[in-house]
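What's counted below: heavy atoms across the whole structure, side chains too, no hydrogens, waters or symmetry copies.
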Amino acid sequence: MERLAKLSTEKAVVIFTASNCPMCHTVESLFSDLGAAPAVHELDKDPRGRDMERELARRLGRSPPVPAVFIAGKLVGSTDRIMSLHLAGKLVPLLRGAGAIWL
């Protein structure tokens with residue numbers, strides 16, 4: 001989907017969320033705590049959010065598809081994948097490589 005492709009590359013880190021999703025808030029907080037400033041798109045507040053939600057569900061193989069995290073324009077995954085990367089010490093280097101954080 002064209003809109004999804006465009007939005008997913010607007011910053012080094014892009015998170016697609018829903019305004020009522022507690023796990024979305026957790027993932028947003030993690031990135032903020034790490035010093036990244038992600039672009040956040042709340043699908044339930046976007047007029048074309050349903051279409052993007054369906055495309056993300058297809059790509060992730062799960063529903064609901066939020067949070068969906070893109071780093072350097074690449075779909076990394078949802079909460080489980082982000083937390084696994086973080087606990088393994090691989091998230092910070094990924095963010096550095098994308099230019100999302102400096103230290």
### Task
Verify the cluster assignment for L43 and V40: are they in a single hydrophobic cluster under the rule of side-chain heavy atoms below 4.5 Å apart?
no
### Neighbour count above 12 (heavy atom, 6.0 Å) for R62 CZ
yes
### Query
Where is the tightest heavy-atom contact between I71 and A98, given as atom of each residue plus distance?
CG2-CB, 3.7 Å
### Query
How far apart are the C-alpha atoms of V69 and R81, what are their side-chain angles, what is the distance that settles it, and do they pass the side-chain contact (heavy atoms from CB on, under 4.5 Å) test?
CA-CA 9 Å; V69 178; R81 179 76 174 127; over 6 Å; no
### Task
Could you tell me the separation between the CG atom of L34 and the CZ atom of R96, rounded to the nearest 0.5 Å?
10.0 Å
### Task
Take L56 and E53 through the side-chain contact (heavy atoms from CB on, under 4.5 Å) test and state the conclusion after the steps.
CA-CA 5 Å; L56 287 168; E53 189 174 337; 5.8 Å; no
### Task
Evaluate the criterion side-chain contact (heavy atoms from CB on, under 4.5 Å) for residue pair L7 and F70; output intermediate values, then yes/no.
CA-CA 10 Å; L7 292 175; F70 287 77; over 6 Å; no
### Message
Return the CG to CD distance between L4 and E55, rounded to the nearest 0.5 Å.
### Response
6.0 Å
### Task
Group every Ile, Leu, Val, Met, Phe, Trp and Tyr by side-chain heavy-atom contacts under 4.5 Å, then state whether L95 and M83 land in the same group.
yes
#### Entry: Side-chain ion pair, E10 and K6, N-O less than 4.0 Å
no
### Query
What are the two closest heavy atoms between V14 and S8, and how far apart are they?
CG2-O, 3.6 Å
### Task
Answer yes when D46 and R3 have at least one side-chain N-carboxylate O distance shorter than 4.0 Å, and no when they do not.
yes
#### Entry: Closest heavy-atom pair and its distance - E28, T17
OE2-CG2, 3.5 Å
### R48 side, atom CZ; E2 side, atom CD - distance, nearest 0.5 Å
8.5 Å
### Message
How long is the straight-line distance from CD1 of I82 back to OG1 of T26, given to the nearest 0.5 Å?
### Response
12.5 Å
### Query
Between S78 and L60, which heavy-atom pair has the shortest distance, and what is it?
N-CD2, 4.4 Å
### Task
Return the minimal non-hydrogen interatomic distance between G99 and A12, and the atom names on each side.
C-CB, 4.3 Å
## Note on the structure
When rounded to the nearest 0.5 Å, the distance separating CG of L94 from NE2 of H86 is 13.0 Å
## Note on the structure
In this structure, CZ of R59 is separated from CE of M52 (nearest 0.5 Å) by 11.5 Å
### Task
Please test L91 against V76 for side-chain contact (heavy atoms from CB on, under 4.5 Å), starting from the C-alpha separation and ending with a verdict.
CA-CA 10 Å; L91 184 58; V76 176; 6.0 Å; no
### Query
If you look at every heavy atom in T9 and G73, which pair is closest and at what distance?
CG2-CA, 3.8 Å
